[in-house]
Amino acid sequence: MNRSKIVVLDFGSQYAHLIAKRFRMLGYYSEIALPSADLSVFEGAKGIIFSGGPSSVYDEKVPEFNEKILTLQIPILGLCYGHQLMSKSYGANVGKADVGEFGFAQLNLSDTGKQSPLFKDVSPVTQVWMSHQDAVLSLADGFEVIGSTKDCQFAALQNLDKKRFSLQCHCEVKDTPEGNKIFKNFADICGMEINWDEDTVLNHIMDSIKTDAKDKNVLLFLSGGVDSTVAFALLNKALGQDRVLGLHIDNGFMRKNESKNVSDAYKKFGFNNFIVEDASQSFLDAIKGLTDPQKKRMAVGENFITVRDRVVAAQKLDEDKWMLAQGTLYPDIIESGGTKNSNTIKTHHNRVEGIQKLIAQGMIIEPLKDLYKDEVRAIGKKLGLDDELVMRHPFPGPGLSINVLCSDGKLSDADKKEIDNANKELNSIELHHFCARCTATLERFVLPVKSVGVQGDFRTYRFPAVLRFQKEDGGFHHFPKHWKKVEDTSSDITNAAKLINRCVLCLWQNPNVKDSDMKLQEGYCDKRRLDQLREVDNIVLTHLHKTGWYDKIFQHLTIDIPYASSADRASFVLRPVCSEDVMTARFAELDRELLLKIVKEISELGFVDAIYYDCTNKPPATFGWE
């Protein structure tokens with residue numbers, strides 16, 4: 001494509017592609033390239049971004065980098081890992097920071113920074129999003145400090161003569177509110193002109209579908225979620241309904257009445273080229289007895305292929321004339337370790353071995369694979385899809401199976417020691433955001449289950465910390481009125497602790513159950529636990545719809561954890577989140593009265609022992625727990 005561009009070098013960051021997306025949203029064409037790229041890749045480039053990444057620049061094994069890129073006479077901006085690489089390449093020291101930063105920080109511009117072209121019209125004290133354990137420890141020749149945080153002296157640097165700039169923070173995420181302003185300033189420094197818009201994106205996708213499909217028909221996995229629905233609409237528009245078949249598989253992991261609701265919504269919009277296959281028993285059999293989250297995800301993904309093959313045979317579809325399509329988004333690929341330098345956070349069902357083989361054979365079409373959720377929704381609206389379809393909360397292919405945490409109920413001596421250490425670590429952290437009354441009644445402990453998280457572009461698998469305040473009537477627990485104090489405390493805990501990556505509030509515990517009775521139980525993803533989860537999840541979603549909160553948040557997940565007084569009971573975690581692009585998120589601050597109504601109704605179910613509220617941002621936590 002012959003146009004001026006900004007090239008983003010992907011060092012494996014969870015956010016690398018998001019950088020390119022931000023520039024495109026600002027109207028500047030941007031491409032992703034490997035840091036080992038030949039200089040010919042930069043023909044037409046007006047600027048270069050070094051992304052973040054999971055490596056440390058001082059490690060023996062780091063992403064291959066073509067240092068000749070630094071000789072190019074065009075502006076370069078380094079972010080996070082790229083910030084550190086920039087300094088190291090020009091002779092500075094980089095090493096472990098005394099204090100890692102994960103989440104919000106305040107960037108204070110220096111006097112020089114206030115005059116920097118990179119910070120034109122940026123507030124002298126601005127909120128930024130951090131996710132790092134390493135730091136620049138000294139200045140390279142010719143560089144000057146243009147911004148610092150409380151714990152990071154060299155958080156923003158520049159060398160105006162060379163037009164080199166670098167920031168420890170992530171400007172590409174929405175939680176750096178003035179990030180787009182900084183990117184716009186960098187584009188101005190580069191001399192970029194507006195050359196990209198939404199129509200260009202849509203036309204590019206339509207052309208790609210026609211090119212990839214050639215003369216073949218397409219069978220699409222149709223979960224009913226936003227991504228597969230928009231992919232379905234795009235395929236229908238590009239190829240025509242007679243060449244596209246949607247396959248909605250009821251895998252037994254759907255929400256209450258989900259498959260019927262999905263089918264009704266599609267028919268209402270005018271889609272008539274889809275079929276529904278009940279394969280629930282085969283999926284339950286595929287994950288029977290599994291406790292490892294990764295193995296469970298892989299089993300679900302592989303069984304989708306098995307069911308697909310069965311449907312192809314039953315429908316008498318000629319394999320030589322049909323391709324498979326998926327509504328895969330870029331975050332699915334990057335979290336699955338799908339780019340050269342990225343770290344696996346969790347394996348998505350659409351990136352298991354069977355799918356990868358089909359991709360290698362050129363038998364998969366993924367029209368949305370370069371996009372994020374908000375871009376997909378914008379395209380869906382442009383195609384005329386109703387909000388009922390486009391604005392639904394994300395619901396991935398594995399459905400509720402990944403919200404049911406599994407365990408054999410046994411804790412090894414090593415597990416017990418790690419839990420003891422996590423508790424000691426948790427109780428050693430000074431918490432100073434709450435009033436004296438709250439602090440005096442506060443109990444804190446870790447749950448004996450682990451959940452997945454992401455810190456500094458690495459996958460973590462650690463314990464959640466529980467904050468439990470004074471018990472009130474009916475098993476309810478007091479919780480602070482100010483969510484900001486909860487958020488700050490959660491950040492303090494996850495930043496300081498090495499064995500903890502989440503923080504939850506205990507909202508209710510069965511008054512008939514003693515603390516000593518609450519234990520890790522044996523529990524797998526079976527129909528009984530799924531049915532229990534469906535009931536709890538339905539209560540939450542019903543209240544969110546009634547009050548308008550469903551449209552105010554990005555997604556709500558209800559998590560079933562095998563921590564209870566007996567194996568037939570369970571505890572549940574409420575996980576409402578606000579996000580735009582999935583790569584970062586803040587926990588949603590639900591209305592207090594609404595939350596109390598939800599908790600009260602859930603507590604009246606006969607199988608619930610405790611209800612928690614996940615108050616952790618991403619990072620350090622992911623949306624779900626598996």
- request: For the residue pair Asn501 and Thr494, confirm or rule out a side-chain donor-acceptor distance under 3.5 Å.
  value: no

message: Under the criterion salt bridge (Lys or Arg N to Asp or Glu O under 4.0 Å), I'd like the reasoning laid out for Lys527 against Asp531: C-alpha separation, chi angles, the key distance, then a yes or no.
response: CA-CA 6 Å; Lys527 189 173 184 303; Asp531 285 344; 2.8 Å; yes

field: Side chains of Leu411 and Leu520 in contact at under 4.5 Å (non-hydrogen atoms)
entry: yes

task: Check whether any side-chain N or O of Asp526 sits under 3.5 Å from a backbone N or O of Arg529 as a donor-acceptor pair, and report yes or no.
output: yes

query: With a cut-off of under 6.0 Å to the ring centre and 45° to the axis, is Arg459 in cation-pi contact with Tyr461?
result: yes

task: Considering non-hydrogen atoms only, spot the tightest contact between Leu467 and Ile493 and give its length.
output: CD2-CD1, 4.0 Å

- line: Note: Glu425 and Ile500 closest approach over all heavy atoms is OE1-N, 4.3 Å

message: Does this structure show an ion pair linking Glu487 with Arg586, if we count only N-O contacts that are shorter than 4.0 Å?
response: yes

field: Heavy-atom closest contact (Pro562 atom, Cys406 atom, distance)
entry: CG-C, 4.5 Å

- prompt: Can you check side chain to side chain contact (heavy atoms under 4.5 Å, CB included) on Trp129 and Lys174, steps first, answer last?
  reply: CA-CA 9 Å; Trp129 188 263; Lys174 278 292 185 180; over 6 Å; no

- request: Compute whether any side-chain donor of one residue and acceptor of the other, for Arg468 and Gln509, lie under 3.5 angstrom apart.
  value: yes

field: Any donor-acceptor pair under 3.5 Å from Arg444 side chain to Val466 backbone
entry: no

message: Using modelled atom types and a 3.5 Å cut-off, is there a donor and acceptor pairing between side-chain atoms of Thr542 and backbone atoms of Asn538?
response: yes

query: Does Asn617 use its side chain to pair, donor to acceptor, with the backbone of Pro619 at less than 3.5 Å?
result: no

query: Is Lys450 close enough and on-axis enough to Phe463, meaning under 6.0 Å and within 45°, for cation-pi?
result: yes

query: Would you say Asn403's side chain and Leu400's backbone share a donor-acceptor pair under 3.5 angstrom?
result: no

Sidechain-backbone polar pair: Ser116 side chain, Gly113 backbone, donor-acceptor under 3.5 Å: no

field: side chain to side chain donor-acceptor pair (under 3.5 Å) partner of Thr149, the single match among Gln168, Glu101, Gln106
entry: Glu101

message: Does Lys546, at its NZ atom, have more than 12 non-hydrogen atoms belonging to other residues, nucleotides or ligands within less than 6.0 Å?
response: no

Verdict with reasoning, Val145 to Gln153, per side chain to side chain contact (heavy atoms under 4.5 Å, CB included): CA-CA 8 Å; Val145 178; Gln153 180 183 357; 5.6 Å; no

message: For the residue pair Thr558 / Asp537, report whether a side-chain donor-acceptor contact shorter than 3.5 Å exists.
response: yes

message: Is any side-chain heavy atom of Asn427 closer than 4.5 Å to one of Phe445?
response: no

query: Can you name the nearest heavy-atom pair linking Trp549 to Asp591, along with the distance?
result: CZ2-N, 3.5 Å

message: Can you confirm whether more than 12 heavy atoms, excluding those of Lys498, are under 6.0 Å from its NZ atom?
response: no

message: For a side chain to side chain donor-acceptor pair (under 3.5 Å) check, start with the C-alpha distance between Ser491 and Asp488, then their side-chain angles and the critical distance, and finish with the verdict.
response: CA-CA 5 Å; Ser491 294; Asp488 290 343; 5.6 Å; no

- prompt: Got Val125 and Leu107 here, is their nearest side-chain heavy-atom distance under 4.5 Å?
  reply: no

field: Asp264/Lys260 under salt bridge (Lys or Arg N to Asp or Glu O under 4.0 Å): CA gap, chis, key distance, verdict
entry: CA-CA 6 Å; Asp264 290 346; Lys260 182 181 183 303; 2.8 Å; yes

query: Side chains of Leu541 and Arg255: closer than 4.5 Å at any heavy-atom pair?
result: yes

field: Donor-acceptor side-chain pairing of Gln127 and Glu178 below 3.5 angstrom
entry: no

field: Salt-bridge present (Lys296, Asp292; N to O < 4.0 Å)
entry: no

task: Identify the two heavy atoms, one from His83 and one from Leu167, that lie closest to each other, and give their separation to 0.1 Å.
output: CB-O, 3.1 Å

field: Arg502 side-chain N/O to Ala621 backbone N/O, donor-acceptor pair under 3.5 Å
entry: no

task: Show the numbers, then the answer: is there a salt bridge (Lys or Arg N to Asp or Glu O under 4.0 Å) between Arg297 and Glu626?
output: CA-CA 9 Å; Arg297 282 176 175 271; Glu626 282 197 348; 5.8 Å; no

Residues Asp609 and Ser571: side-chain donor-acceptor under 3.5 angstrom: no

- request: Starting from the C-alpha separation in whole Å, work towards a yes-or-no answer on side chain to side chain contact (heavy atoms under 4.5 Å, CB included) for Tyr612 and Leu574.
  value: CA-CA 6 Å; Tyr612 303 100; Leu574 309 184; over 6 Å; no

- request: Compare every heavy atom of Phe554 with every heavy atom of Ser579, then report the nearest pair and how far apart it is.
  value: O-CD1, 3.2 Å

- prompt: Heavy-atom distance under 4.5 Å between the side chains of Trp625 and Leu405, does that happen here?
  reply: yes

message: Side chains of His543 and Glu601: any donor to acceptor distance under 3.5 Å?
response: yes

task: Establish, from distance only, whether the side-chain atoms of Asp614 and Thr616 form a donor-acceptor pair under 3.5 Å.
output: yes

message: Quick one, Asn510 and Trp508 - any side-chain contact, counting heavy atoms below 4.5 Å?
response: yes

message: Is the shortest side-chain heavy-atom distance between Val404 and Leu530 below 4.5 Å?
response: yes

Side-chain polar contacts of residues 474-483 - donor-acceptor pairs under 3.5 angstrom, sequence neighbours left out - could you list them?
residue	atom	partner	partner atom	Å
His477	ND1	Phe469	O	2.8
Trp483	NE1	Leu590	O	3.2

message: Would you say that Lys381 contacts Asp387 through its side chain, given a criterion of any heavy-atom pair below 4.5 Å between the two side chains?
response: yes

message: I'd like to know if the side chain of His132 reaches the main chain of Cys169, judged simply by a donor and an acceptor atom lying under 3.5 Å from each other, with no hydrogens or angles considered.
response: no

Donor-acceptor under 3.5 Å (Arg392 side chain, Gly224 main chain): yes

query: Do Thr291 and Asp408 get their side chains close enough for a donor-acceptor pair, meaning under 3.5 Å?
result: no

message: If you apply the rule side chain to side chain contact (heavy atoms under 4.5 Å, CB included), what do you find for Leu605 with Ile539, and how did you get there?
response: CA-CA 10 Å; Leu605 297 172; Ile539 288 172; 3.9 Å; yes

- prompt: Near Lys471 NZ, under 6.0 Å, is it more than 12 heavy atoms from other residues, nucleotides or ligands?
  reply: yes

task: State whether the side chain of Asn185 and the backbone N or O of Lys181 hold a donor-acceptor pair below 3.5 Å, judged by distance alone.
output: yes

query: If you measure only the distance, is there a donor-acceptor pair under 3.5 Å linking the side chains of His393 and Gln555?
result: no

- prompt: Does a side chain donor of either Gln521 or Ser407 reach within less than 3.5 Å of an acceptor in the other side chain?
  reply: no

message: Taking the ring of Phe23 and the ring of Phe183, is the distance between their centroids below 6.0 Å?
response: yes

- prompt: Is Lys552 atom NZ crowded by more than 12 heavy atoms from other residues, nucleotides or ligands, each under 6.0 Å away?
  reply: yes

- request: Answer with yes or no whether the side chains of Glu430 and His432 bring together a donor and an acceptor at under 3.5 Å.
  value: no

- prompt: His433 pairs by side chain to side chain donor-acceptor pair (under 3.5 Å) with which of Thr439, Asp492, Thr489?
  reply: Asp492

